[in-house]
J.: 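Got a structure for you, questions after.
Here the structure is a predicted model, which means the values were calculated and not measured. Reckoned from all heavy atoms, side chains included, excluding hydrogens, waters and symmetry mates. Counting convention: from 1, in listed order, for ligands and their atoms alike.
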Amino acid sequence: MTEPILPRIRPEIAALPPYRQGKQAGPDAFKLSSNENPFEPLPSVVEALQRTTPVNRYPDASAAALRARLGEKYGVSADAVHVASGSVAILHQLVLATSSVGDEVVFAWRSFEAYPSLPLVAGATAVQVPLTSGARHDLDAMADAVTDRTRVIIVCTPNNPTGPIITSAEFAAFVEKVPQDVLIVLDEAYAEFVTDPDAVDGLAERVFERHPNVVVLRTFSKAYGLAGLRVGYAIGDPRVLDAARTTAIPLSVTSAAERAAIASLDAEGELLERVAVIVERRDRLAEGLRELGWKVPDAQGNFVWLRTKERTDEAAAAFDAADLIVRPFSGDGIRISVGEEQSIDRVLAVARSLL
Ligand SMILES: *Cc1c(COP(=O)(O)O)cnc(C)c1O
């Protein structure tokens, strides 16, 4: 029999491996591969989910209640807030709204795994600027990489998967250098875990008010523990966010996600206590690894970065054998999320065995 003819796929899309979910954790394993929150949802959040509107109805298209609530929290108008099914969705919307064939999207590398597919899907070109030897963004090199085709620069702080932050002073100097018609997306998915007082905080500093080309991204997936519900937000100039609203797939934020996000803001104090527990574990884990002799970069998210280099596959197999699901990046390093308390000593034991 001859092969059936398949629909034509864009060659640059067909050339990529399709997305496959990472390994699922077995009953005794700790899943430390996706920077999720190890805590069960708060009872008040579960209760809000149970009160969700009937599923035969569409959700509110603009997530008005959640936008109003976030607007109050940050002292901006609801129009300066945009909500989507995860902040990754907002990244796609902003890149689609700004970039097309021949345009360039600049980001650091290694950084968040989702970034390379953003320009690709839009038909634009990725420009990857290597991290410094300290696994930090090289903002000077990123500013120098701007051409008249650059439409977006994505800045990730703390950087996933390596961990270091960008300081307020570094970001301010960077914004001054970048042309005003280039969008700067400040991806602060791990902002709640940051303890370095010098770190940029795009919302507290209200950078987007002085610089309408800066959009700040936050998410309910990590610190707030709602990764499975898919809800994130952007704060920025309403005219820029309107472009994201235009390219968004309508009605993707479910009523359940919106209510759970509001209930989480209601319970913010309790959630931030849990964040403090994760931060304490993170610092203990990073310190423990350094005491063993690993050169762990400053860890300001809910994860640590092990520079396993050419031994990455071997190291990943050792974690796997110890029922620790981690995120290896072959030839480079391993990202380990800060999870349950009992996982910390197990991670340290494997890390010791690798030396
Ligand atoms: C996890 C993460 C996000 C957010 O993901 P969503 O679940 O889509 O909100 C965004 N940026 C970075 C760098 C992340 O690590």
J.: Decide whether Glu268 and Tyr224 meet the rule of one side-chain donor and one side-chain acceptor closer than 3.5 Å.
T.: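 Side chains of Glu268 and Tyr224: pair found under 3.5 Å.
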J.: Does Glu341 come within less than 4.0 Å of Arg281, counting only side-chain N to carboxylate O?
T.: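 Looking at Arg281 together with Glu341, the answer is yes, because their closest N to O distance falls below 4.0 Å.
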J.: When you check the side-chain N and O atoms of Ser337 and Glu36, is any donor under 3.5 Å from an acceptor?
T.: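 Checked: Ser337/Glu36 side chains show no N/O donor-acceptor pair below 3.5 Å.
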J.: For a distance cut-off of 3.5 Å, show me each N or O of ligand 1 paired with any protein N or O, plus the separation.
T.:
{"unit_1": "ligand 1", "atom_1": "7 (O)", "unit_2": "Ser221", "atom_2": "OG", "d": "2.6"}
{"unit_1": "ligand 1", "atom_1": "7 (O)", "unit_2": "Arg230", "atom_2": "NH1", "d": "2.8"}
{"unit_1": "ligand 1", "atom_1": "7 (O)", "unit_2": "Arg230", "atom_2": "NH2", "d": "3.2"}
{"unit_1": "ligand 1", "atom_1": "8 (O)", "unit_2": "Ser87", "atom_2": "N", "d": "3.2"}
{"unit_1": "ligand 1", "atom_1": "8 (O)", "unit_2": "Val88", "atom_2": "N", "d": "3.1"}
{"unit_1": "ligand 1", "atom_1": "8 (O)", "unit_2": "Arg230", "atom_2": "NH2", "d": "2.7"}
{"unit_1": "ligand 1", "atom_1": "9 (O)", "unit_2": "Ser87", "atom_2": "N", "d": "2.7"}
{"unit_1": "ligand 1", "atom_1": "9 (O)", "unit_2": "Ser87", "atom_2": "OG", "d": "3.1"}
{"unit_1": "ligand 1", "atom_1": "9 (O)", "unit_2": "Thr219", "atom_2": "OG1", "d": "2.6"}
{"unit_1": "ligand 1", "atom_1": "9 (O)", "unit_2": "Ser221", "atom_2": "OG", "d": "3.4"}
{"unit_1": "ligand 1", "atom_1": "11 (N)", "unit_2": "Asp187", "atom_2": "OD1", "d": "3.1"}
{"unit_1": "ligand 1", "atom_1": "11 (N)", "unit_2": "Asp187", "atom_2": "OD2", "d": "2.7"}
{"unit_1": "ligand 1", "atom_1": "15 (O)", "unit_2": "Asn160", "atom_2": "ND2", "d": "2.7"}
{"unit_1": "ligand 1", "atom_1": "15 (O)", "unit_2": "Tyr190", "atom_2": "OH", "d": "2.6"}
{"unit_1": "ligand 1", "atom_1": "15 (O)", "unit_2": "Lys222", "atom_2": "NZ", "d": "3.3"}

J.: Does Phe112 have its ring centroid less than 6.0 Å away from the ring centroid of Phe107?
T.: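 Ring centres of Phe107 and Phe112 not closer than 6.0 Å.
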J.: Not counting sequence neighbours, which residues clear ring-ring contact (aromatic ring centres under 6.0 Å, His included) with Phe208? List them please.
T.: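 So Phe208 forms no ring-ring contact (aromatic ring centres under 6.0 Å, His included) with any residue.
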J.: Quick one, Thr157 and Asp187 - any side-chain contact, counting heavy atoms below 4.5 Å?
T.: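 They are not in side-chain contact.
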